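Contents: one structure, followed by commentary.
Because the structure is predicted, anything quoted here is derived from the model rather than measured.
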Amino acid sequence: MTNPSNPSNGDDDTPQDPLSEMLAKMFGGGAGGFDPQEIAKAAGLPSDPAAMAMIMQQVQAMFSSQSEGPVNWQMAHEQARRVAASDNDPSVSALQRRSVDESLKLAELWLDPVTDFPSTGQLGRAWSRAEWVEATMTTWRRLTEPVATSIAKALSDVISEQLPEEMKSMMGMMGGPASMLQNVGGAMFGMQLGQAVGALSKDVVGSTDIGVPLADGRMALLPANVAAFGAGLDIPEQEVQLFLAVREAAHVRLFTHIPWLTGHLLGSIERYARGIHIDMGKIEEAARDIDPTNPESLQGALSQGVFMPERTPEQDAALVRLETTLALVEGWVDEVTAAAAANLPSAGALREMVRRRRATGGPAEHAFAALVGLELRPRRLRDAAALWALLLKDRGIAGRDALWQHPDLLPTAEDLDDPAGFSERRRLIESSDADVDAALQRLLAGGFEQDGDAPADGTPGAGAAEGAAPTDQGGQTPGAGDDPGADTDPDTDTDGTKAG
């Protein structure tokens with residue numbers, strides 16, 4: 001395939017533009033241009049010449065145009081859409097939309113008696129995989145931008161050091177190696193991120209399937225993925241959809257009625273991501289092993305992850321908080337869904353299936369975790385579910401759900417270790433808080449000043465200032481002999497003589 005912008009008539013003396021020559025060397029396409037199969041490998045696409053013909057202009061633009069930042073988010077978005085559409089992504093039919101809407105409405109009715117949070121009143125949505133990508137891509141960008149920016153810069157720095165001098169010279173003719181390689185690194189990461197998000201679109205069944213509100217609180221199911229979830233099970237498809245609809249509606253109720261929770265969860269993920277350390281040694285090793293004629297080698301390096309295996313103590317603490325919050329969300333949804341869907345014959349089997357799925361994750365989630373250095377796994381889902389079940393017995397529905405009103409009220413990792421002891425620990429804390437509140441009220445009301453006043457018999461009160469001489473009712477300072485029973489001098493014995 002020849003470069004359309006610089007056609008060759010087969011004459012070896014025909015001059016080649018520097019960009020075409022550099023890309024030919026990097027992608028093994030020969031002197032004339034690109035090899036579509038190699039580009040397909042780099043993009044994670046099937047090596048279909050027809051499909052590649054449609055994206056060749058985008059691939060060329062990847063190397064020659066400036067992106068808005070260190071990461072080419074447009075390329076990530078386009079790649080996610082492309083992967084979501086592969087292997088058939090049928091449009092949602094009117095019948096499917098009606099079925100999903102009815103399932104979610106019924107789920108809302110079932111949730112009303114088992115949670116203190118009221119219905120959101122939303123209309124249920126039925127999405128294709130491509131529609132899920134469109135609805136969630138903004139949140140994916142927010143979650144991955146801190147680490148994505150670091151990786152893109154690290155890639156461009158290391159690749160720049162590994163380039164032969166003649167290639168650096170060619171890039172110097174096209175605006176400088178730093179700008180060019182930033183585009184390359186950002187585009188490569190964008191393609192990999194798009195690949196991971198597109199693959200996730202084939203696994204998720206709703207907008208909250210990974211425990212995070214990816215679609216700004218919208219309530220939706222993906223009919224194609226719901227059908228795939230229930231494939232092979234001896235359970236009616238409508239029953240599977242109803243159970244998953246209850247989970248989706250429970251998630252959306254929680255995030256809608258607890259406004260701080262979304263920001264808290266996403267903020268924790270962002271702070272953890274900003275603290276991720278890029279393993280420069282690993283990047284350099286990967287860059288040395290990369291075959292310039294085989295872009296698949298760079299794809300493999302990225303998919304293995306480039307993060308330091310050891311986290312800092314601060315990151316460990318942040319990760320514990322994040323995993324605890326994820327577990328509490330998923331445990332609450334697990335318990336509420338089980339109660340709401342108790343009339344479904346296969347609710348128990350579906351509950352266990354979802355638990356295992358959330359605890360282990362699929363290939364797409366593992367690929368995403370390797371790329372951005374973070375697994376969104378509720379590792380302690382069962383512990384959290386057991387805690388919420390105990391709290392329901394101890395406090396009732398309203399008391400259990402009231403714990404979501406403020407982050408300081410939520411159970412901690414210690415509470416997940418010992419769910420049975422949570423209520424006693426919380427009672428001690430609440431008792432201590434009540435004592436502090438009572439003391440503060442007395443202070444504001446002047447109660448402590450009254451306690452410090454001298455009683456009517458002239459003896460000093462418990463609250464008298466240290467070192468201050470007591471006064472009698474007439475305001476005069478009594479002498480040592482005025483009251484033989486008062487030992488006002490710590491060095492004087494009761495008989496009036498000096499000690500020692």
Decide yes or no on salt bridge (Lys or Arg N to Asp or Glu O under 4.0 Å) for Asp116 and Arg400, but give the supporting numbers first. CA-CA 9 Å; Asp116 203 41; Arg400 176 199 65 189; over 6 Å; no
Between atom [atom1] of [X] and atom [atom2] of [Y], what is the distance when rounded to the nearest 0.5 Å?
{"X": "Thr324", "Y": "Leu328", "atom1": "OG1", "atom2": "CG", "answer": "6.5 Å"}
{"X": "Asp401", "Y": "His257", "atom1": "CG", "atom2": "NE2", "answer": "10.5 Å"}
{"X": "Thr208", "Y": "Leu214", "atom1": "OG1", "atom2": "CG", "answer": "8.0 Å"}
{"X": "Leu242", "Y": "Trp110", "atom1": "CG", "atom2": "CH2", "answer": "4.5 Å"}
{"X": "Asp216", "Y": "Phe255", "atom1": "CG", "atom2": "CZ", "answer": "12.5 Å"}
{"X": "Gln405", "Y": "Leu410", "atom1": "CD", "atom2": "CG", "answer": "10.0 Å"}

Using a strict 4.0 Å threshold on nitrogen-to-oxygen distance, state whether Arg382 and Glu352 make a salt bridge.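 Between Glu352 and Arg382 there is a salt bridge, with a charged N closer than 4.0 Å to a carboxylate O.
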Charged N to carboxylate O below 4.0 Å: is that the case for Arg253 and Asp112?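 A salt bridge links Arg253 with Asp112.
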Locate the shortest heavy-atom distance separating [X] from [Y]; write the atom from each residue and the value.
{"X": "Ala327", "Y": "Leu416", "value": "CB-CD1, 4.4 Å"}
{"X": "Val252", "Y": "Gly217", "value": "CG1-O, 3.4 Å"}
{"X": "Trp132", "Y": "Leu200", "value": "CH2-CB, 4.1 Å"}
{"X": "Leu409", "Y": "Leu403", "value": "CB-O, 3.5 Å"}
{"X": "Ser91", "Y": "Gln96", "value": "O-OE1, 4.1 Å"}
{"X": "Asp87", "Y": "Lys202", "value": "OD2-NZ, 3.0 Å"}

Main-chain N/O of [Y] paired to [X] side chain as donor or acceptor, under 3.5 Å:
{"X": "Glu239", "Y": "Ser346", "result": "yes"}
{"X": "Ser201", "Y": "Val133", "result": "no"}
{"X": "Gln122", "Y": "Ala220", "result": "no"}
{"X": "Ser99", "Y": "Leu95", "result": "no"}
{"X": "Asp383", "Y": "Asp417", "result": "no"}
{"X": "Glu131", "Y": "Ser128", "result": "yes"}
{"X": "Asn72", "Y": "Gly190", "result": "no"}
{"X": "Arg129", "Y": "Ala224", "result": "no"}

Among side-chain atoms of Gln241 and Glu237, is any donor-acceptor pair under 3.5 angstrom?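 Side-chain D/A pair, Gln241 to Glu237: absent.
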Give me the one residue out of Arg380, Arg357, Arg356, Arg355 that meets salt bridge (charged side-chain N to carboxylate O under 4.0 Å, His left out) with Asp334.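 Going through Arg380, Arg357, Arg356, Arg355 one by one, the salt bridge (charged side-chain N to carboxylate O under 4.0 Å, His left out) with Asp334 is satisfied by Arg355 alone.
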Testing Arg98, Arg97, Lys105 for salt bridge (charged side-chain N to carboxylate O under 4.0 Å, His left out) with Asp101, which one passes?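 It is Lys105, the one option of Arg98, Arg97, Lys105 that forms the salt bridge (charged side-chain N to carboxylate O under 4.0 Å, His left out) with Asp101.
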Can Val204 and Thr136 be said to form a side-chain contact (heavy atoms from CB on, under 4.5 Å), step by step? CA-CA 12 Å; Val204 296; Thr136 63; over 6 Å; no
Quick one: are [X] and [Y] in side-chain contact, heavy atoms under 4.5 Å?
{"X": "Glu248", "Y": "Ser207", "result": "yes"}
{"X": "Leu111", "Y": "Thr337", "result": "no"}
{"X": "Leu244", "Y": "Val226", "result": "yes"}
{"X": "Arg142", "Y": "Ile269", "result": "no"}
{"X": "Glu414", "Y": "Phe422", "result": "no"}
{"X": "Ser103", "Y": "Gln238", "result": "yes"}
{"X": "Leu221", "Y": "Arg125", "result": "no"}
{"X": "Asp394", "Y": "Leu390", "result": "no"}

Using salt bridge (Lys or Arg N to Asp or Glu O under 4.0 Å), reason through Glu330 and Arg247 one step at a time and then give a plain yes or no. CA-CA 9 Å; Glu330 290 299 283; Arg247 283 185 53 83; 3.2 Å; yes
Using ring-ring contact (aromatic ring centres under 6.0 Å, His included) as the criterion, list what pairs up with Phe117, not counting sequence neighbours.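 Result, ring-ring contact (aromatic ring centres under 6.0 Å, His included) vs Phe117: Trp332.
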Gln74, CD atom: more than 12 neighbouring heavy atoms under 6.0 Å: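 Count not over threshold, so no.
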Give a yes or no on this: more than 12 heavy atoms of other residues, nucleotides or ligands lie within 6.0 Å of atom CG of Asn343.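 Yes, the 6.0 Å shell around CG holds more than 12 heavy atoms from other groups.
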Salt bridge (Lys or Arg N to Asp or Glu O under 4.0 Å) between Glu335 and Arg351, intermediate numbers included: CA-CA 9 Å; Glu335 274 295 304; Arg351 182 187 191 186; 2.7 Å; yes
Step by step, would you call Gln79 with Gln192 a side-chain contact (heavy atoms from CB on, under 4.5 Å)? CA-CA 8 Å; Gln79 178 70 354; Gln192 288 295 305; over 6 Å; no
Parallel, tilted or perpendicular for Trp260 and His264, by the 30°/60° rule?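 Because their plane-to-plane angle is over 60°, the rings of Trp260 and His264 count as perpendicular.
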Could you go step by step and tell me if Trp73 and Leu193 meet the side-chain contact (heavy atoms from CB on, under 4.5 Å) rule? CA-CA 9 Å; Trp73 296 108; Leu193 178 61; 3.2 Å; yes
Run Arg141 and His77 through side-chain contact (heavy atoms from CB on, under 4.5 Å) and show every step you take. CA-CA 9 Å; Arg141 175 172 178 171; His77 176 232; over 6 Å; no
